[in-house]
Amino acid sequence: MSTTTEHAERFTMLRPLLFTIAYEILGSATESDDVLQESYLRWAEVDLDTVHDTKAYLAQLVTRQALNALRAQSRRREDYIGPWLPEPLLVQSKDAEADVVLAESVSMAMLVVLETLTPDERAVFVLREVFGFSHDEIAAAVGKSTTAVRQMAHRAREHVQSRRKRFEPVDPKTSTEITMRFFAAASTGDLDGLMELLAPDVVWTADSAGKRSAARRPVTGAERVGRLVLGLLRAAGEAGRIEPAVYNNAPALKLFLGDSFEGIVTVEIVDGRISHFYAMRNPDKLVGVDVPREITRTV
C-alpha cells in the first residue's frame, strides 16, 4: 500500500469523529469542512512511522486548526448583527439516537452554551467531556500544560453545568408530535392552543445577521412568543408552508415562502413543553443544510 493511500484510509476511517470534534468547537459545518480539508493537507505530509496513535494525532491536528478558525470567527462576531446561532446540522448517524452524550453535545442548547466559553475552554471541554481524551492528549492539542488543562476543564465544566439544565432526552416521536401540534394551532390562529404547548419562560432566538427580517433580540415569555409565531404565519399567508425535519438531533421545521427557502426553526422540549425556538434565517448559514453529516464519538 502506498503511503498516500494509507494516509487517505486512516483519515477517512476517522473522518466522522474528526468532523464532530470540529463542529462542536466551531458550531459551523461549513467551517468544519474547511478545517478537515486543511488538516488532511497537513496530515498527507506526515511521516506515518512517527505516528504512534493515529486517532490522538489527528484529533490534535484538527483541534489546532479548529481553534485557529474559532479565534478568527470570534473576531468577526464582534460586528455581527443580532444573536449568533450555530449552523443547523442534518445528522446522519445512528449513534446520535442511542448515545445521549453525543445527542446532547450537538444540540442547539448545548452549542449556544459553549459559545460562552473562551476558545481554549471550549476545545478542552469538548475533548474531555464529549470524547474522553486524556488531559495529556488535550494539553498537546491546545498547547497548554497538563496542569493548566485540568484547571481549564474543571472551570469549563462548572460554567456549562451552571448554564445548562440537566439534559433529558425526549422520545423523537413525542417531540415531533408536540412540535407539529404547536404549528397546527399556530396555522389556525389558536393562541390558547399554542399557550398549552409553551413553557412559561419559552424563548425565541433568531439569527439573521441583519440579512433577513428577524427579531434582533431574543423574545421571552409564552404570550409574546405565541403572538410572534402567529404574526409570522399570518405574514407568510397562503404562500407560506412548513415541512417537518430533524436538525441537531431535535425536531425542526423548514420554512418556505412560495418556492423560496426561508429558514429552519429547531425546537427544544423540556417536560412536555417547548422551552426554546432557535430560528436560523441567515442565508449564509443555510447553504449546506441539506447535506447529511455523519457524527460519532467513537471509531
Side-chain angles (χ1 to χ4, degrees), residues 17 20-29 31-32 35 59-60 62-78 80 82-89 96 99-170 199 201-205 207 217-218 220 248-250 266 268-271 275-278 280 295 297:
L17 172 72
T20 311
I21 290 173
Y23 178 74
E24 294 192 11
I25 291 175
L26 287 166
S28 167
E31 291 197 40
S32 296
V35 161
Q60 290 167 8
V62 166
T63 297
R64 291 189 201 107
Q65 297 304 312
L67 274 173
N68 290 339
L70 182 60
R71 291 181 183 117
Q73 190 186 84
S74 298
R75 289 190 291 271
R76 292 197 303 273
R77 286 209 212 138
E78 293 175 4
Y80 201 82
W84 188 98
L85 290 175
E87 283 184 18
L89 185 70
D99 186 336
V100 173
V101 173
L102 181 62
E104 162 70 340
S105 69
V106 298
S107 70
M108 279 287 176
M110 176 58 83
L111 291 168
V112 167
V113 170
L114 293 182
E115 283 298 309
T116 62
L117 297 171
T118 67
D120 283 344
E121 286 174 343
R122 182 168 182 166
V124 168
F125 179 86
V126 165
L127 293 176
R128 181 64 183 165
E129 299 297 321
V130 180
F131 299 96
F133 285 100
S134 71
H135 292 106
D136 289 341
E137 290 170 326
I138 298 170
V142 301
K144 305 285 184 183
S145 70
T146 301
T147 301
V149 163
R150 286 183 184 277
Q151 294 171 343
M152 211 176 294
H154 178 73
R155 190 164 61 244
R157 189 184 312 113
E158 287 195 332
H159 179 97
V160 170
Q161 288 175 347
S162 69
R163 286 162 176 77
R164 180 74 181 117
K165 298 174 184 176
R166 183 182 175 189
F167 180 64
E168 296 289 349
V170 182
D201 57 351
V202 61
V203 180
W204 173 283
T205 304
D207 179 336
R217 292 182 180 177
T220 305
N248 295 80
N249 218 47
T266 56
E268 181 182 31
I269 294 172
V270 176
D271 296 330
S275 61
H276 211 130
F277 295 93
Y278 300 96
M280 179 52 67
I295 62 171
R297 289 198 304 142

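Bear in mind that the values here come from a model prediction, so they are computed numbers and not experimental data.
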Between E87 (side chain only) and A29 (backbone N and O only), is there a donor and an acceptor less than 3.5 Å apart?
yes
Test item: T205 and F277 side chains (from C-beta on) under 4.5 Å apart, heavy atoms
no
How long is the span from the NE2 atom in H154 to the CZ atom in R128, to the nearest 0.5 Å?
13.5 Å
Do R217 and W204 have side chains that approach each other closer than 4.5 Å (heavy atoms only, starting at C-beta)?
no
Under the criterion side chain to side chain donor-acceptor pair (under 3.5 Å), I'd like the reasoning laid out for Q60 against T63: C-alpha separation, chi angles, the key distance, then a yes or no.
CA-CA 5 Å; Q60 290 167 8; T63 297; over 6 Å; no
Sequence-distant partners of E115, side-chain hydrogen bond (donor to acceptor under 3.5 Å, both in side chains), two or more places apart:
R77, R122
Where is the tightest heavy-atom contact between V203 and P218, given as atom of each residue plus distance?
CG1-CB, 3.9 Å
How far apart are the C-alpha atoms of Q73 and W84, what are their side-chain angles, what is the distance that settles it, and do they pass the side chain to side chain contact (heavy atoms under 4.5 Å, CB included) test?
CA-CA 11 Å; Q73 190 186 84; W84 188 98; 4.2 Å; yes
I'd like to know if D120 and R155 make a salt bridge, using a cut-off of under 4.0 Å between side-chain N and carboxylate O.
no
pair V130-T20: side-chain heavy atoms closer than 4.5 Å:
no
Distance-only, no hydrogens or angles: does the R157 side chain make a donor-acceptor pair with backbone N or O of F125 under 3.5 Å?
no
Any heavy-atom pair between the side chains of R164 and E104 that's under 4.5 Å?
yes
Can you tell me if N248 uses its side chain to pair, donor with acceptor, with the backbone of V106 under 3.5 Å?
yes
H135 side, atom NE2; L127 side, atom CG - distance, nearest 0.5 Å
11.0 Å
To the nearest 0.5 Å, how far apart are CG in L89 and CG in N249?
9.0 Å
Using the rule given for side chain to side chain donor-acceptor pair (under 3.5 Å), can you reason through D136 versus T146, listing the C-alpha separation, both sets of side-chain angles and the distance that settles it, and then say yes or no?
CA-CA 6 Å; D136 289 341; T146 301; 2.8 Å; yes
Without swapping roles, check the side chain of S275 against the backbone of V202 for a donor-acceptor pair under 3.5 Å.
no
If you look at every heavy atom in L26 and L70, which pair is closest and at what distance?
CD2-N, 3.5 Å
When every non-hydrogen atom of A22 is compared with those of V35, the smallest separation belongs to CB-CG1, 4.3 Å
At their closest point, which heavy atom of L102 faces which heavy atom of D99, and how far apart are they?
N-OD1, 3.1 Å
Determine whether S105 and F131 make a side-chain contact, defined as any pair of heavy atoms from C-beta on separated by less than 4.5 Å.
no
Answer yes or no: is there a side-chain heavy-atom contact under 4.5 Å between L111 and Y23?
yes
Note, P86 side chain near M108 side chain (heavy atom, < 4.5 Å)
yes
Using 30° and 60° as the class boundaries, would you call the ring planes of H276 and Y278 parallel, tilted or perpendicular?
parallel
Evaluate the side chain to side chain contact (heavy atoms under 4.5 Å, CB included) criterion for residues V124 and F133: first the C-alpha distance (whole Å), next the side-chain angles of each, then the deciding distance (0.1 Å), finally the verdict.
CA-CA 9 Å; V124 168; F133 285 100; over 6 Å; no
Looking at OG of S145 and CD of Q151, how far apart are the two atoms once the value is rounded to the nearest 0.5 Å?
7.5 Å
Kindly say whether G143 contributes a backbone atom to a donor-acceptor pair with the side chain of R64 at under 3.5 angstrom?
no
Would a 4.5 Å heavy-atom cut-off, applied to side chains only, mark L114 and I25 as touching?
no
Would a distance-only check, ignoring hydrogens and angles, find a side-chain to backbone donor-acceptor pair under 3.5 Å from E121 to T118?
yes
Verify side chain to side chain donor-acceptor pair (under 3.5 Å) between H159 and R163, making sure each step is shown before the conclusion.
CA-CA 7 Å; H159 179 97; R163 286 162 176 77; 3.2 Å; yes
Go through E268 and S107 one step at a time and tell me if the side chain to side chain contact (heavy atoms under 4.5 Å, CB included) criterion holds.
CA-CA 9 Å; E268 181 182 31; S107 70; over 6 Å; no
